[in-house]
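Reading through the structure tokens given below for one structure.
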There are 2 protein chains.
Amino acid sequence: MRADEPPRTLADSIRAAGLKVTAPRLAVLRVLDQAPHSTAERLFATVRAELPSTSLQAVYGVLAAFTAAGIAQKIEPAGSPALFERRVGDNHHHIVCTRCSAVHDVDCAVGQAPCLTPAHASGFAVHTAEVTYWGLCPDCQAATSASPSLLSAPAPLSNKGAR
Amino acid sequence: MRADEPPRTLADSIRAAGLKVTAPRLAVLRVLDQAPHSTAERLFATVRAELPSTSLQAVYGVLAAFTAAGIAQKIEPAGSPALFERRVGDNHHHIVCTRCSAVHDVDCAVGQAPCLTPAHASGFAVHTAEVTYWGLCPDCQAATSASPSLLSAPAPLSNKGAR
DNA sequence: CAGTTGTTTTGAGTCAATCAAAACAGCAGA
DNA sequence: TCTGCTGTTTTGATTGACTCAAAACAACTG
């Protein structure tokens with residue numbers, strides 16, 4: 001279980017979060033590392049390939065535990081199912097392709113906490129600012145400028161790994 | 001049809017958008033005006049009170065037509081069903097209460113299009129930046145500071161009108 | 001190595017939203 | 001004013017994403 005790949009550190013970060021180390025958790029964490037911004041369904045499919053007994057509910061359970069423990073994070077871009085990523089704690093943002101739904105990370109634009117202070121917060125005590133950029137990814141820019149008419153958009157909602 | 005209230009303009013804006021003026025559409029638009037950031041379900045409940053024959057699907061249909069025509073807009077804060085508002089075209093943002101889910105509008109923080117240029121857009125052609133602030137609304141600040149233990153949070157996901 | 005507690009499996013159910021066909025109603029033209 | 005075309009709404013079914021709950025199971029503690 002350690003001859004081939006990266007592990008050990010994965011187990012450690014799970015343990016460090018106060019969680020029991022289990023096969024499904026290791027698998028989900030590894031896949032999350034390789035393919036950030038994955039849906040639960042996608043993680044399930046990948047995990048299941050190497051650990052066939054895993055259930056979808058287990059994946060949801062693992063993800064819930066990870067996010068509660070702070071070693072993973074959930075993002076929910078409009079129009080798509082929830083995505084998960086390991087990168088957590090640094091307030092970074094996301095850019096989503098409106099054509100193929102690819103998601104990339106974006107570091108804070110200004111300083112460290114941009115936009116954290118809205119002009120008028122209506123008396124709210126703001127503690128987080130979440131920015132989502134929408135646009136066309138390089139691939140889709142090429143695709144649309146090449147043949148603007150043939151809008152053969154690649155399956156919008158399926159989450160394409162953030163290449 | 002103009003003696004009592006605001007109307008006339010509602011029908012006009014529907015017509016101006018190239019849509020047929022119908023009772024469900026007028027009703028939805030009026031309610032949307034009175035209670036911005038409403039869910040389809042909530043609009044349905046309110047509309048149905050004055051127009052009992054209206055179906056939920058009709059409301060979804062009306063909202064789809066409105067958003068496609070650009071006279072209404074859909075926002076989808078994480079963890080809550082889609083919300084709709086008439087305010088459209090000015091890129092404003094939203095602040096959501098993490099306790100009661102109340103939503104308020106927030107004008108652009110910096111200039112007119114804040115954060116529109118991320119530090120590194122990974123080659124994306126950005127065309128929109130959407131900011132969601134999360135925090136505690138005044139009511140919930142009062143409630144939690146008064147009795148931090150008695151976390152009697154008022155039904156989180158039901159969308160509380162933005163007072 | 002046995003117990004306890006936390007995980008996962010299995011199975012059912014919920015909520016929000018979408019799809020499709022048939023009934024219906026605006027609105028433009030006769 | 002009436003007729004029809006076309007776009008809307010109703011009715012009813014279905015999907016997708018996620019949650020709940022009970023029972024089987026497996027990590028870690030002692």
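Everything numeric in this text was worked out from a predicted model, so none of it was measured. First the proteins, then the strands, lettered A, B, ... as listed; each starts at 1.
Taking atom CG of A:Asp12 as the reference point, atom P of D:dC28 lies 11 Å away to the nearest angstrom. We find that CZ of A:Arg42 is positioned 17 Å from P of D:dG16, with the value rounded to whole Å. With rounding to whole Å, A:Leu51 atom CG is found 17 Å from C:dT7 atom P. The CG-P distance, from B:Leu63 to C:dA16, rounds to 14 Å in whole Å. Rounded to whole angstrom, the span from the CZ atom of A:Arg25 across to the P atom of D:dA26 amounts to 15 Å.
Between the A:Arg25 side chain and the A:Lys20 main chain, a donor and an acceptor come within less than 3.5 Å of each other. Side-chain atoms of B:Asn91 come within 3.5 Å of backbone N or O of B:Ala129 as a donor-acceptor pair.
With contacts defined as side-chain heavy-atom distances shorter than 4.5 Å, the pair B:Ser80/B:Ser101 does not qualify. In this structure, the side chains of A:Cys100 and A:Asp139 stay at 4.5 Å or more apart for every pair of heavy atoms. B:Glu50 places a side-chain heavy atom less than 4.5 Å from the side chain of B:Arg30. Between A:Ser53 and A:Arg48, every side-chain heavy-atom pair lies at or beyond the 4.5 Å cut-off.
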Find every protein N or O atom lying less than 3.5 Å from an N or O atom of nucleotides 18-20 of chain D, and list the pairs.
{"residue": "D:dC18", "atom": "OP1", "partner": "A:Ala82", "partner atom": "N", "Å": "2.9"}
{"residue": "D:dC18", "atom": "OP2", "partner": "A:Tyr60", "partner atom": "OH", "Å": "2.9"}
{"residue": "D:dT19", "atom": "O4", "partner": "A:Gln57", "partner atom": "NE2", "Å": "3.4"}

| In B/S/- notation, 5' to 3', how is nucleotides 23-30 of chain C contacted by protein heavy atoms closer than 4.0 Å? | ---BS---

Distance-only criterion, 3.5 Å: show the donor-acceptor pairs between side-chain atoms of residues 60-79 of chain B and protein atoms not counting sequence neighbours.
{"residue": "B:Thr67", "atom": "OG1", "partner": "B:Leu63", "partner atom": "O", "Å": "3.0"}
{"residue": "B:Thr67", "atom": "OG1", "partner": "B:Ala64", "partner atom": "O", "Å": "3.0"}
{"residue": "B:Gln73", "atom": "NE2", "partner": "B:Glu85", "partner atom": "OE2", "Å": "3.4"}
{"residue": "B:Glu76", "atom": "OE1", "partner": "A:Gly79", "partner atom": "N", "Å": "3.1"}

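Distances shown here put every side-chain N or O of A:Ser53 at or beyond 4.0 Å from the OP1 or OP2 atom of C:dT8.
With ring centers used as reference points, B:His94 lies under 6.0 Å from B:His37.
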